[in-house]
Amino acid sequence: MANRRDFIKISALTTGGLMLAGLSSRNAAVFGQNITYKLPADLKRTPTYCEVCFWKCAGWVYKNESGEIQKIIGNDDDPACNGRLCPRGTGGIGMYYDEDRLKEPLLRVTDSAGKQTFKPVSWEEAFDFIAQKMQKIKAEHGPECTALLTHGSGGDYFGRLLKAYGSNNIAAPSYAQCRGPREVAFIATFGEGLDSPENTDIRDTRCLVLIGSHLGENMHNGQVQEMSDAIDRGATIITVDPRFSTVASKSKFWLPIKPSTDLALLLTWINVLIENGWYDKDYVEKYTYGFEQLKAEVKKYSPEWAFGITTIAPEQIRATAREMYNASPAVIIHPGRHVTWYGDDTQRLRAVAILNALLGSWGRRGGFYRNEKKTVNHHPMPPFPKPTRTWRDAMGDKFQLADLALANGVCDATIPSVTLDCHIRAWIVNGTNLLNTLPDQKKTIEAIHNLDLMVVVDTMPMEITGYADVVLPECTYLERYDSIRSLQGREGSIALRMPAVEPKYNTRSAWWMAKQLAQKLDLKDYFPFDSQEEELDWEFKQLGTSLEEMQRIGLRRYKREFDDLYYAPGETVEFMTNSGKIELYSTAFADQGFDPVPRYTKHEEPAPGFYRLIYGRAPMHTFSRTANNPNLVDLMDENTCWINPKVAKEWGIQNDQYIWLENQDGIVSEFPIKARITERIRFDSIYMVHGFGHSNKKLSRTYGRGISDSQLITRVHVDPIMGGTGMRGNFVTFRFDQAKKQEL
Amino acid sequence: MRYAMAVDTKKCVGCSDCVVACQTENNVPIGYCRDWVVEVTDGTYPQLELELRSERCNHCENAPCVRCCPTGASFISEGGIVKVKENKCIGCGACITSCPYDARFVHPRGYVDKCTFCDHRVKEGLNPACVAVCPTKCMYFGDLDDPNSDVSKVLKMRKSKTLIPEAGTIPHLYFLI
């Protein structure tokens, strides 16, 4: 099948598709699967936790008199949302009602003329095909040659399946394409990462510093709520962003920095704090390691020097540093979330971590609190076989400091090359549209062409489904049980997701699919329960509750075991670093040959006529996964290209005019994008919201609306420390006619 | 009793949650809305100001929509809430033209529709859906005649404005500035 994988639109069914679809649901019954849930009849509302983004807010699903889902309301007890879902959570019903959903299992077939199409098949046929391929790959190449790329709850079950099968190649683009650098930086500094949701004590902070992080537009619910509380309490917000973001408009200080120079500002702030003695001397003395090396290394970064680099006035740099010190230790230099920008991101986040350490905010009220989380125990099952290889073996000695698997690493380990020991031959892709989540679409497609098997599990016909051998239609989160949500926070909490209604169409939950596949692969001992209800009930009982109780309360909080939300005065703390201290000077980085104290490096600037491509988020969408949601499309149906009025005038671009963008490598956007002429963006950059420009016509509401930034991100700056894919080093110019279509 | 709402422009992030919560609460068909978000940018880079406002019917004391309605379908209900009797409305659109806030639209079923301050919820002692859902808690609702209501308290504490006061409609939608 290698190199013969054409993109198939989900609509391209073979003749007789309808009849086969009818058969497939009957086959499901023959297959012995009872999918009728035992839903308590007396429940007026059913609990869930949201799947529209990774925040996983707990809520209640309400139905109307006809038994149809009408609305979803936040759970008042949930620390993630406090009873208030965000627009995406409120609009989550659109995922269920979207008539463009995947409706039945599909198998790639080639007809006598060589044309490839999808044939609707029964679940049994789909699973037989997958199991046969997986057994063959296991026998011929080893089970490690199968990888899982995942985003979202179903990944837990496919992950279990994969580990039972013998592979540990489980990667989520949320790591190396998003928050990975900050995890590695904070582990290097404090001995622990941040994970999700971050332990930022925004509610009680007196100064919140955001580096390119657009809280409010990114709609990380609990944090946005706490920021609003902090505004009420008179906290200072300092925002560093080349764009006048929503939160910049709510800030006492907005520093309109030249893009790609953030590290210069951060290092200068460190220097200013040290030079003026504006740091927590007791904290630094007691808890940190390497202060003198840090001091010597940052001495060269004066505000006057930084002015020339960042375009931020020296007095602004000093004033903001003073503001942070005055608020300390109730100050947060926010680590951000999507931080894979320029390839030196781990070092930039190290500077962020060091600033927090100097101001003594880690472990302090208004800074970063200590997390608490409830552990969910699983029913005993046989130990997982130990894989002999992972994606790391293909990388040589690179990226040793990555603490999770790299999705791009899996991609690299799929493409045969002279330098890499490639070995991955099968992908299971769960809930992530890799063509939009990974930069460099050409490379992703090249990797896909080298696969013997690709299975895609999704609720929507995202572009990635067009490359699959088998498409497995998952039911939405409103139609299924899922694993227990255990959330970290000031208190631990657990939440239940249960189906509010029976699955529409011939769709199934990830648990069910993984269990069926496990049976076919002789791995059924890893799924010891007959139904998901029994499995959840067993797990809830270990947590002192039951499925029955959780169906009624939805969410349970657990009081902290000890009164240790913050460090007690004078408390002795052992940090999980080599030195046992907060490492201002990183011994782990020094061991690996990386700068133990961050150093400023200059990044490429746009050529004349080109502008840096900056992308971000809108509060009503979660990347590309919501782009076709009818309720959310109603709020925002395309992305726009933000252009400074001076630039627009130079090019003669009018507001609302549709234009094409071409990047530094000659790649032209597949669709045009509407120009938004606004003072809110710097003259050297353009901005757009990520997640639009869908090319699959089956996504009827969003097809061809706006453009895909991922398509224009062909130059990737890989972080040498942990392998993150820096994506902000791409430049675009304007075109006024449609270029010839790019070969993908 | 005079119901009113205040929206804090210093906290609103323009996420439109109020819009979608209203749609699902009140079965407003997709493509229509009873509330919406306005963004106003002022100044030139980098001296900029941005105001975000969640807007809806102002539930005016001196409501032009009620005065101009030929059938009496538009009326002022209990607590000063401006409403439309669906079965009396002929969809002529006079009220739509007369409203300085552009708060009304013709529902696909043929009658004029608009914000009701979620009076079905208010009767049960709940806040309107938009107020209840707002992640920034930037909206305050209550009775202006009750000095202890959320809206009375916040209007006493904070500077506020109304939209198009020169129209003389005496609006009950305030914006904290």
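Order of the sequence lines fixes the chain letters, A, B, ..., with proteins taken first and strands second; residue numbering starts at 1 for each chain. Only a predicted model underlies this, so the values are computations on that prediction, with no experimental measurement involved.
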### Message
At a 4.5 Å cut-off on heavy atoms, which part of B/A129 comes close to chain A: side chain, backbone, both, or neither?
### Response
neither

### Query
So which part of A/N644 gets closer than 4.5 Å to some heavy atom of chain B, the side chain, the backbone, both or neither?
side chain

## Note on the structure
Heavy-atom closest pair (A/K71 atom, B/E25 atom, distance to 0.1 Å) is NZ-OE1, 2.7 Å

### Query
Is any side-chain N of the basic residue among A/D229 and B/K137 closer than 4.0 Å to the acidic one's carboxylate O?
yes

### Query
Would you say the side chain of B/T24 lies within less than 4.5 Å of the side chain of A/I93, judging by non-hydrogen atoms?
yes

### Query
Which atoms of B/Q23 come close to chain A, meaning under 4.5 Å heavy atom to heavy atom: side chain ones, backbone ones, both, or neither?
side chain

### Query
What heavy-atom pair brings B/P135 and A/C86 nearest, and what distance separates the two atoms?
CG-CA, 4.2 Å

### Query
What part of B/V131 lies closer than 4.5 angstrom to a heavy atom of chain A: side chain, backbone, both or neither?
backbone

### Query
At what distance, to the nearest 0.5 angstrom, does CG of B/L50 lie from NZ of A/K250?
6.5 Å

### Query
Is chain B contacted by the side chain of A/R682, its backbone, both, or neither, given a heavy-atom distance below 4.5 Å?
both

### Message
Does any part of the side chain of A/R84, heavy atoms only, come nearer than 4.5 Å to the side chain of B/T136, both counted from C-beta?
### Response
no

### Residue from A/F244, A/W254, A/F683 passing ring-ring contact (aromatic ring centres under 6.0 Å, His included) with B/Y45
A/W254

### Query
Of all heavy-atom pairs between B/C15 and A/P87, which one has the smallest distance, and what is that distance?
O-CG, 3.3 Å

#### Entry: Main-chain N/O of B/I30 paired to A/D634 side chain as donor or acceptor, under 3.5 Å
no

